[in-house]
Amino acid sequence: MPIPLACQEQLLPGTTLSDKFALATSLGYHGIELRGRGDLAFARRLPELRRARSDGVVMPTVCVEMDHFIGDFDPERSRDAVRNLRSQLSVIAELGGLGAMTPAAWGMFSRRLPPFDPPRSPAGDRQVLVDALGELGEHARAEGVTLFLEPLNRYEDHMVNRLDEAVALCAAVGLPSVRVVADTYHMNIEEDDGPEALRAAAPYLGHVQVSDSNRHQPGAGHLDWSGLLGALHEIGYPGWLALECRLRGDPLRALRQAATVLRDAEPRRAAA
């Protein structure tokens, strides 16, 4: 079976989610990945999201869109990120979705840029993340959904850059409701071998976001999509592919290109 493909909502033209979904399905997508802003804005969208669901819009996941995250150095900002993610998990559960995703942090600190040494120790980073993931994982389990932890590249985060680092945190938390997101753009920077990294993360891999090596749509860069999709089929990956990228060229043509590249890269069953 082909892996279902979602497109993030901001990439799709249209006034309503129903309009966007109609366009998405005509281009080869099967669902819309939502974006969850801070200040509990995602929960305030519930009337809109309920209407979309009643219209048949498939919304499997929500990707957090905030300026602070669970690994923030400021405890109050970290707590606010947890509060927003708890709300997003509850909303996506009501919509019949799978879960919400978050990085440890984004744009807060990089060991590759001055001043190079973060203000918190690695042990301190780990404890903050394990505590937050544990609380969110318990909430996700109660709601019947999953929290997905996304590694980012070394220039965007200093705590969780590779799939194996995210897997180690999930294992430390020990909840089936906490799993890993693989983002092919970040993997292109951080992983020595993308397909092998996916195979190694298989027991914890819950979601995959796709963009090419240059952060544009699949087909606009140099990633080996056949190798990546082949590895996902090999491990029996049960989730979605969600398009999270910039669009190069005409937007509709770029969206169609991405869906075609991903579909053509999937292994084909031999004829009986």
Verdict with reasoning, Trp225 to Asp264, per side chain to side chain donor-acceptor pair (under 3.5 Å): CA-CA 9 Å; Trp225 292 106; Asp264 289 349; over 6 Å; no
SB check Arg79 Asp74 (cutoff 4.0 Å): no
No-hydrogen, no-angle side-chain donor-acceptor test under 3.5 Å, Asp67 and Trp106: no
Heavy-atom closest pair, residues Leu149 and Pro103: CD1-C, 4.1 Å
No-hydrogen, no-angle side-chain donor-acceptor test under 3.5 Å, Ser211 and Glu244: no
Main-chain N/O of Gly137 paired with Ser177 side-chain donor or acceptor, under 3.5 Å: yes
Check: Tyr204 side chain, Val178 main-chain N or O, donor-acceptor pair, under 3.5 Å: no
Flag, side chain of Glu135 to backbone of Val82, donor-acceptor distance under 3.5 Å: no
Between Thr146 and His207, a side-chain donor and acceptor under 3.5 Å: no
Residue pair His68 / Glu76, side-chain donor-acceptor N/O under 3.5 Å: no
Modelled atom types, side-chain donor and acceptor of Gln88 and Asn84, under 3.5 Å: no
Side-chain donor-acceptor contact under 3.5 Å, Gln10 with Glu65: no
Side-chain donor/acceptor of Asp212 to backbone N/O of Leu223, under 3.5 Å: yes
Arg53 bridged to Glu94 by N-O distance under 4.0 Å: no
Gln217 side chain to Arg248 side chain, donor-acceptor N/O pair below 3.5 angstrom: no
Asp55-Ser18 side chain donor-acceptor pair, cut-off 3.5 Å: yes
Closest approach of Val145 to Gly97 (non-hydrogen atoms, all atoms of both residues): CG1-O, 3.6 Å
CA sep, side-chain torsions, deciding dist, call: Arg77, Asp80, salt bridge (Lys or Arg N to Asp or Glu O under 4.0 Å): CA-CA 5 Å; Arg77 286 164 64 86; Asp80 184 69; over 6 Å; no
Minimum-distance pair of heavy atoms, taken over all atoms of Ala197 and Met187: CB-CE, 4.4 Å
CD1 on Ile70 to CG on Leu147, rounded to 0.5 Å: 6.5 Å
Least distance between heavy atoms, Glu9 atom then Leu34 atom: OE2-CA, 3.3 Å
Residues Asn214 and His222: side-chain donor-acceptor under 3.5 angstrom: no
Pairwise distance CE(Met59) to CG(Leu17) - rounded to 0.5 angstrom: 6.5 Å
NZ/NE/NH1/NH2 to OD/OE distance under 4.0 Å, Glu191 and Arg162: no
